Amino acid sequence: MADLPRRKFDCLVIGSGGGGLRAALQLAQAEATVAVVSKVFPTRSHTVAAQGGINAALGNVSPDNWHWHMYDTIKGGDYLCDQDAVEYMCRAASKLVYELEHAGVPFSRLDNGMIYQRPFGGQSQNFGGAQAARTCAAADRTGHAILHTLYQQNIRARTHFFDEFMAIDLVQDDEGFVLGAVVLEIETGEVMIIEAKTTLLATGGAGRIFRNNTNARINTGDGLAMALRVGIPLQDMEFFQFHPTGIAGKGMLISEATRGEGGYLLNKNGERFMEKYAPRAKDLASRDVVSRSIATEVHEGRGCGPNGDYALLKLDHLGADVIMKRLPGIRDLCLNFLHIDPVKEAIPVSPTAHYTMGGIPTNRQGQVVAPLGNRSEEPVPGLYAVGEAACVSVHGANRLGGNSLLDIVVFGRAAGNHINEFLQQNRYHRPFNPASAGRAVARLARWERTGDGETVAALRAEMQTEMDAHCGVFRTAKVLRAGLEKIRAIKARLPNVRLRDHSRVFNTARIEALELENLVEVALATIHSALAREESRGAHMRMDFPKRDDDKWLKHSLYFMANERIEFKPVRLRPMTVETFPPKERTY
């Protein structure tokens with residue numbers, strides 16, 4: 001590896017979404033040297049697609065406090081959340097929203113000039129009472145506003161960006177310290193090693209393991225697979241959130257903000273069916289409840305459309321002024337992709353794969369914490385993870401809308417602070433083991449092969465179809481086992497995949513091949529973990545085990561790539577300063 005060019009930084013951030021940029025900003029403002037590697041131009045990272053808002057108990061519209069927010073988050077996560085991390089997030093929320101406002105995020109405003117807040121699913125006042133309005137919004141483009149603001153602040157702070165580079169694999173030394181990564185420049189195909197005293201994985205989720213999903217094409221679980229390949233397990237991968245309102249047949253997200261503003265769901269008989277499944281919260285029940293309700297209506301023959309396979313989301317009663325002021329992006333989506341105007345017509349929606357609630361296990365400082373090699377569970381030196389790639393477990397078994405943007409800024413900032421402390425005590429670069437870089441180079445060499453064989457696109461499409469069919473909203477052991485064998489067989493066929501002649505294709509062909517390898521590993525982790533958990537909790541609905549079982553299953557799953565092994569660890573039920581919220585029946 002001596003002939004590969006090298007660059008050295010204090011911290012390497014892999015991923016330029018909100019979590020990565022918030023951590024990078026914290027570090028750059030402390031005068032650390034920071035490199036951000038991103039497959040796309042930073043403002044195209046998937047945070048830009050977040051629509052509805054960011055939760056914080058500001059109390060601008062209705063009475064609120066962080067303790068109620070904490071309760072709703074834990075209840076929404078079906079009591080699988082680590083309660084210390086949830087308390088940390090909810091207590092920090094208001095401060096960090098004001099920080100974003102002062103950094104330049106153009107939040108929508110109330111008539112009195114305060115930040116506008118809308119109701120979202122699973123929110124309550126007074127520990128399960130009346131509906132709360134907790135989600136701070138910039139119309140329906142909140143993620144767009146936050147991401148652009150964080151990028152501009154990073155430019156001001158002189159963060160170094162490697163745009164359109166893909167991280168291939170982590171590099172380590174013989175003691176297990178993570179010391180950077182091997183990266184590939186997409187335009188030229190040139191390979192480089194970025195050495196760093198600390199490395200932060202902020203690569204986002206893996207929604208592309210499913211065919212019908214709301215995720216950008218870049219969401220291929222790269223950071224998750226990189227962690228697996230160095231022996232780090234993935235936590236709680238069975239909990240994949242299906243958003244109830246994706247555009248039917250297309251997957252693009254119709255934000256929960258539509259229901260927060262007063263929209264509601266109808267079946268083919270014109271009935272508001274959510275009143276039956278969640279009598280109090282109705283259309284603003286938690287996402288897993290609404291998704292299962294739509295799926296049940298379709299299964300029982302009350303779906304809409306010629307094939308009876310979707311529900312209708314009604315907004316026209318809100319009036320043109322509300323839709324154009326509060327939901328302009330949603331209206332644009334409908335006009336461009338459905339050729340309908342929600343001011344006049346209902347939107348066809350169905351549950352769609354949306355959010356990876358599992359991920360790389362971390363503590364609330366963003367440190368990756370996992371058993372590795374001969375070590376017991378402890379922080380992996382030099383390695384951090386935040387955002388959708390991480391599982392600090394503030395989302396548990398089901399994420400509440402509005403908590404994902406909060407997660408990335410809270411734990412991005414926390415990771416930045418802890419990395420600064422780590423750098424004070426580790427001032428010098430450590431030499432890495434060339435064999436760890438060799439693993440990445442070998443992966444790249446695999447995709448120099450050209451000629452006849454299966455194509456990346458065909459095998460990826462087959463994998464996504466099998467995941468849709470075998471690991472969806474409703475699951476059984478029989479279906480999951482069949483899916484597991486299908487995904488294993490697809491992995492076994494990877495050596496048969498060939499690229500076309502390199503003289504006639506762009507380097508993106510290699511990128512897609514590397515992404516396929518990552519997707520297959522994450523798909524295996526997801527379906528294995530789903531098969532292992534023999535209960536129903538949050539987004540994981542086992543028809544053969546329809547009840548939640550706290551005696552046996554109030555624990556996190558850990559999936560190891562080696563031998564496809566599953567282990568478990570306890571949920572941290574003790575908060576930082578308040579009383580524990582004990583598990584109880586979850587109703588809306």
Side-chain angles (χ1 to χ4, degrees), residues 18 21-22 25 47-48 50-73 76 86-153 255-263 281 283-284 315 318-331 394 400-410 412-413:
L21 291 188
R22 185 61 188 84
L25 181 61
T47 300
V48 80
Q51 296 169 346
I54 177 171
N55 290 340
L58 305 184
N60 291 350
V61 173
S62 60
D64 210 353
N65 71 51
W66 68 263
H67 206 181
W68 301 348
H69 182 190
M70 179 182 173
Y71 167 80
D72 290 339
T73 299
V86 176
E87 180 183 345
Y88 182 85
M89 180 180 77
C90 296
R91 288 176 71 109
S94 295
K95 176 183 177 182
L96 293 190
V97 166
Y98 290 136
E99 280 189 4
L100 290 172
E101 179 189 32
H102 296 162
V105 174
F107 286 109
S108 299
R109 299 285 165 175
L110 299 166
D111 291 341
N112 62 10
M114 300 178 79
I115 293 174
Y116 169 70
Q117 294 183 278
R118 59 168 50 113
F120 245 48
Q123 296 177 355
S124 72
Q125 301 177 47
N126 198 27
F127 308 109
Q131 174 70 43
R134 187 175 295 137
T135 305
C136 309
D140 58 357
R141 299 186 177 107
T142 314
H144 177 104
I146 289 173
L147 188 66
H148 278 257
T149 299
L150 289 174
Y151 178 62
Q152 291 160 8
Q153 290 290 347
S255 173
E256 196 165 313
T258 55
R259 287 171 285 134
E261 296 294 342
D283 298 86
L284 287 176
L315 302 180
L318 301 177
D321 289 345
V322 169
I323 291 173
M324 291 179 183
K325 181 180 179 182
R326 301 295 190 198
L327 305 167
I330 297 299
R331 182 168 184 257
V394 288
L400 292 188
N403 272 352
S404 58
L405 288 177
L406 180 59
D407 171 5
I408 60 179
V409 297
V410 168
R413 177 178 178 272

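Excluded from the calculations below are hydrogen atoms, water molecules and symmetry mates; all remaining heavy atoms, backbone and side chain alike, are included. In this text, all values refer to a predicted model and were calculated from it rather than measured experimentally. Each residue takes its place number in the sequence, starting with 1.
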> When you look at F120 and R134, which way does the side chain to side chain contact (heavy atoms under 4.5 Å, CB included) test go after all the steps?
Replying inline: CA-CA 7 Å; F120 245 48; R134 187 175 295 137; over 6 Å; no
>> Between D283 and R259, does any NZ, NE, NH1 or NH2 come within less than 4.0 Å of an OD or OE carboxylate oxygen?
In response: no
> Excluding sequence neighbours, so at least two apart, what forms ring-ring contact (aromatic ring centres under 6.0 Å, His included) with H67?
Replying inline: F127, F581
>> I'd like to know if the side chain of Q117 reaches the main chain of C136, judged simply by a donor and an acceptor atom lying under 3.5 Å from each other, with no hydrogens or angles considered.
In response: no
> With a 4.5 Å heavy-atom cut-off, do Q123 and T135 have their side chains touching?
Replying inline: yes
>> Rounded at 0.5 Å granularity, tell me how far CD in Q152 sits from CG in L21.
In response: 11.0 Å
> Under 3.5 Å, side chain of N65 to main-chain N/O of A57, donor-acceptor pair present?
Replying inline: no
> For the residue pair R118 and L327, what are the closest heavy atoms and their distance?
Replying inline: NH2-CD2, 4.3 Å
> Which value, rounded to the nearest 0.5 Å, describes the distance between I54 atom CD1 and I408 atom CD1?
Replying inline: 7.0 Å
> When rounded to the nearest 0.5 angstrom, what distance separates NE2 in H69 from SG in C90?
Replying inline: 4.0 Å
>> Would the distance check show the side chain of S108 and the main-chain N or O of A139 forming a donor-acceptor pair, the cut-off being under 3.5 Å?
In response: yes
>> Go through it in stages, so that I can follow the logic: the residues are V409 and E99, the test is side chain to side chain contact (heavy atoms under 4.5 Å, CB included), and I'd like the CA-CA distance, side-chain angles, deciding distance and then a yes or no.
In response: CA-CA 10 Å; V409 297; E99 280 189 4; over 6 Å; no
> Do R109 and I115 pass the side chain to side chain contact (heavy atoms under 4.5 Å, CB included) test, and can you show the C-alpha distance, the side-chain angles, and the key distance before you say yes or no?
Replying inline: CA-CA 5 Å; R109 299 285 165 175; I115 293 174; 3.7 Å; yes
> With no hydrogens and no angle check, is any side-chain donor or acceptor of D140 less than 3.5 Å from a backbone partner on Q51?
Replying inline: no
> Which value, rounded to the nearest 0.5 Å, describes the distance between L406 atom CG and L100 atom CG?
Replying inline: 9.5 Å
>> Distance check, rounded to the nearest 0.5 Å: L405 atom CG versus I146 atom CD1?
In response: 4.5 Å
>> Less than 4.5 Å apart, side chain to side chain, heavy atoms only: is that true for N126 and W68?
In response: yes
> If you count the non-hydrogen atoms of other residues, nucleotides and ligands that lie under 6.0 Å from CG in N112, is the total more than 12?
Replying inline: yes
> Does any N or O in the side chain of Q131 come within less than 3.5 Å of the main-chain N or O of G121, such that one atom is a donor and the other an acceptor?
Replying inline: no
> Going through the checks in order, is the side chain to side chain contact (heavy atoms under 4.5 Å, CB included) test met by L58 and V97?
Replying inline: CA-CA 9 Å; L58 305 184; V97 166; 4.3 Å; yes
